[in-house]
Structure formats: C-alpha cells, structure tokens
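Have a look at the structure below, then the notes.
Both backbone and side-chain heavy atoms feed into the values below; hydrogens, waters and symmetry mates do not. No experiment lies behind these values; they were computed from the predicted model shown.
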Amino acid sequence: MEDKLILEGRKAVLEALNNDRPIDRILLRRDKDKPLEGTLRLIAGKARERKLVVQEVDRGKLDDVSEHGHHQGVIALCPAVPYVEVADILAIAEERSEQPFVIILDGVTDPHNLGAVLRSAEAGGVHGVIIPKRRAVGLTGTVAKSSAGAVTHMAIARVVNISRTLEELKEAGLWITCASMDGTSLYDADLAGPVALVLGSEGEGISRLVEEHADFKVSIPMLGRIQSLNVSVAAGVLIYEVVRTRMKAAKL
C-alpha cells in the first residue's frame, strides 16, 4: 500500500471525516454478535453519510494492515497526501495577510517526531513545513496518527536541496533562524517578522551546510542537567515564542 496513506486510530480517522479528507475505504473492527459502540459507531455513521466504503473486519485483518499495531479498531485507507511547492506555502501566508511563518526540518527521521511537529505547527498557525526528500521521514500512517490529524490541515513541501530552499526563502524576505545550542537565547530574539525556523535531526542536529545559510541562531535556555530537547519539544517551544512575539507586536 505504498500509494496509500494509512490513517490509524479513532481520533485521526474522525478528524479526516470531519474535514472531508478523501478516503478510499474504512476498515472497522466488528466483534462477533456485538453492535458497534461509541466512537466506532460514530465513525461508521459519518462514513456512510459520505457514502464511503466501510468494511467490518476482524482484529487480525486490521493488525495485518496496520503499520504500528495501535489502530484502536479502525483504519482509513486514503490517497497519498499531496506535497505542495514552497511557493504554495508563501501563498497561504499572503492569502491570510500574515507574515510568513515556515518550519524547516533538516533530516528528521523519526515519524513520531515529525507527527508531533506537524501538530504543534498547525496549532501555532505555521503556514507550512518543509522536509528534505532524502535521509528524512516522509508522510506515513505513523506520522499522521502522531499528528492527531494535523497532517490533514498542514501544507507540507518536500524538497531536494534544503540549502537552495533557504536561499529562495531569503529572496522572498524571510529571516532564516536556526535552532542551535550556541545561539542567542530565543527570548532575546525578534521573531515577529517573516521567519523560517530550522530544526535539525534527533542525533546530529542541523548540518553545517544548512547552518551556514542562517541569518541568526537561537537557543532554548537549558536550566537543568540535560542539555538538549527532543526535536518535537524544541519545535513547540520555538513555535509558541513566535506566536507570543507576534501577538505582543500586534497589540503595539
């Protein structure tokens, strides 16, 4: 099923149904001689209202299709999520009459981390997320589930060359801001303008070549003995500092 996006779990499937996401087929667990109850019954009702194909199957069938085994009794088979162009992300900001706000992930390979970043990005009003085509995770069912449905709403571009993309964003007027342990405290940075936040991979951080394109670097103050954060947690902190800075600037 390489050409399908497998949405697993009740929240992810319900989010897709509520937002009219294209769905080819829904697989529901049906215990013998027991009617569907709770969220599964709600999902079945919404799917049939949309005249979608709903198949009631046993747990074994769901386990076979599942990518990670945590399907909660429901799987939706969807057309693959279409990637957008970087220009499309900038167009979203223009349509909203907002300063562009972009997240760039340099080599994030863990699907749970990508999903969590997408969730924070969507909640924080990010216009789009950019990921590389090579040596990084793409959009999978695990990413979709970890994003709690945010993958349905977020514009995601997949590019061949991150460095070249950063130059394009600079030409469009964005300030390239890299998360780095040796950067200025993010609480001293001005993040109210058009910004592209760059975060690195779980183990290696941002590559040297990508970091060379940064206009400035910011760090998250670490007050304990642990000197680094998970990339998805760091993304959440940085995203909401941008939100705070912009909301404060809007009141002036």
Side-chain angles (χ1 to χ4, degrees), residues 5-23 46 68 70 72 76 78-106 108-132 136-159 165 169 174 177 179 186 191-200 202 220 229-247 250:
L5 175 65
I6 303 175
L7 293 180
E8 304 184 45
R10 301 179 187 193
K11 187 170 185 177
V13 174
L14 197 55
E15 185 75 11
L17 285 168
N18 287 337
N19 290 280
D20 294 324
R21 196 193 190 292
I23 296 174
K46 285 181 175 290
H68 47 66
H70 303 297
Q72 299 177 312
C78 308
V81 174
Y83 292 102
V84 304
E85 300 296 329
V86 174
D88 297 323
I89 293 175
L90 299 178
I92 292 171
E94 185 175 358
E95 289 167 7
R96 297 180 186 173
S97 299
E98 296 172 348
Q99 298 275 26
F101 185 10
V102 179
I103 299 295
I104 300 169
L105 300 177
D106 182 21
V108 172
T109 58
D110 186 306
H112 295 94
N113 279 338
L114 176 55
V117 171
L118 293 175
R119 184 174 184 174
S120 295
E122 200 283 327
V126 171
H127 299 113
V129 175
I130 299 172
I131 60 177
V137 66
L139 297 179
T140 67
T142 301
V143 171
K145 188 173 190 302
S146 299
S147 78
V151 69
T152 303
H153 309 293
M154 180 55 55
I156 304 164
R158 203 176 192 190
V159 300
T165 299
L169 292 173
L174 279 73
T177 307
L186 80 158
L191 300 174
V195 63
L197 290 178
V198 187
L199 294 102
E202 298 86 351
I220 298 172
L229 293 174
N230 173 281
V231 64
S232 63
V233 175
V237 172
L238 289 162
I239 286 167
Y240 272 89
E241 180 58 18
V242 174
V243 172
R244 187 195 68 80
T245 303
R246 290 185 170 194
M247 290 180 71

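- Interatomic distance, L229 CG to I220 CD1, rounded to the nearest 0.5 Å: 5.0 Å.
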Stepwise side-chain contact (heavy atoms from CB on, under 4.5 Å) test for N230 and H112: CA-CA 11 Å; N230 173 281; H112 295 94; over 6 Å; no
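- To the nearest 0.5 Å, atoms OH (Y83) and CG (D88) are separated by 14.5 Å.
- With values rounded to the nearest 0.5 angstrom, T177 atom OG1 is found 9.5 Å from I104 atom CD1.
- Going from atom CD1 of I89 over to atom OG1 of T165 covers 9.5 Å, rounded to the nearest 0.5 Å.
- In this structure, CG in L118 is found 10.5 Å from OG1 in T152, a value given to the nearest 0.5 Å.
- In terms of heavy-atom proximity, T109 sits nearest to A136 at CG2-CA, 4.2 Å.
- Of the possible donor and acceptor atoms, one in the side chain of R246 sits under 3.5 Å from a partner among the backbone N and O of G193.
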With a cut-off of 3.5 Å and sequence neighbours excluded, list every side-chain donor-acceptor pair involving residues 5-19.
{"from": "E8", "atom 1": "OE1", "to": "S66", "atom 2": "OG", "distance (Å)": "2.5"}
{"from": "E8", "atom 1": "OE2", "to": "E67", "atom 2": "N", "distance (Å)": "2.8"}
{"from": "R10", "atom 1": "NE", "to": "Q72", "atom 2": "O", "distance (Å)": "2.8"}
{"from": "R10", "atom 1": "NH2", "to": "Q72", "atom 2": "O", "distance (Å)": "3.3"}
{"from": "E15", "atom 1": "OE2", "to": "N19", "atom 2": "ND2", "distance (Å)": "3.3"}
{"from": "E15", "atom 1": "OE2", "to": "H153", "atom 2": "NE2", "distance (Å)": "2.8"}
{"from": "N18", "atom 1": "OD1", "to": "K46", "atom 2": "NZ", "distance (Å)": "3.2"}
{"from": "N18", "atom 1": "ND2", "to": "L14", "atom 2": "O", "distance (Å)": "3.3"}
{"from": "N19", "atom 1": "ND2", "to": "E15", "atom 2": "O", "distance (Å)": "2.8"}

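- Applying the salt bridge (Lys or Arg N to Asp or Glu O under 4.0 Å) rule to pairs touching residues 234-243 yields E241-R244, sequence neighbours excluded.
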Verdict with reasoning, V137 to T142, per side-chain contact (heavy atoms from CB on, under 4.5 Å): CA-CA 10 Å; V137 66; T142 301; over 6 Å; no
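- Within 6.0 Å of CD on E98 lie more than 12 heavy atoms contributed by other residues, nucleotides or ligands.
- With I130 as the fixed residue, the side-chain contact (heavy atoms from CB on, under 4.5 Å) test singles out one of L169, I103, L105, V84: L169.
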Stepwise side-chain contact (heavy atoms from CB on, under 4.5 Å) check, V117 with V108: CA-CA 10 Å; V117 171; V108 172; over 6 Å; no
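- To the nearest 0.5 Å, atom CE of residue M154 and atom NE2 of residue H127 are 9.0 Å apart.
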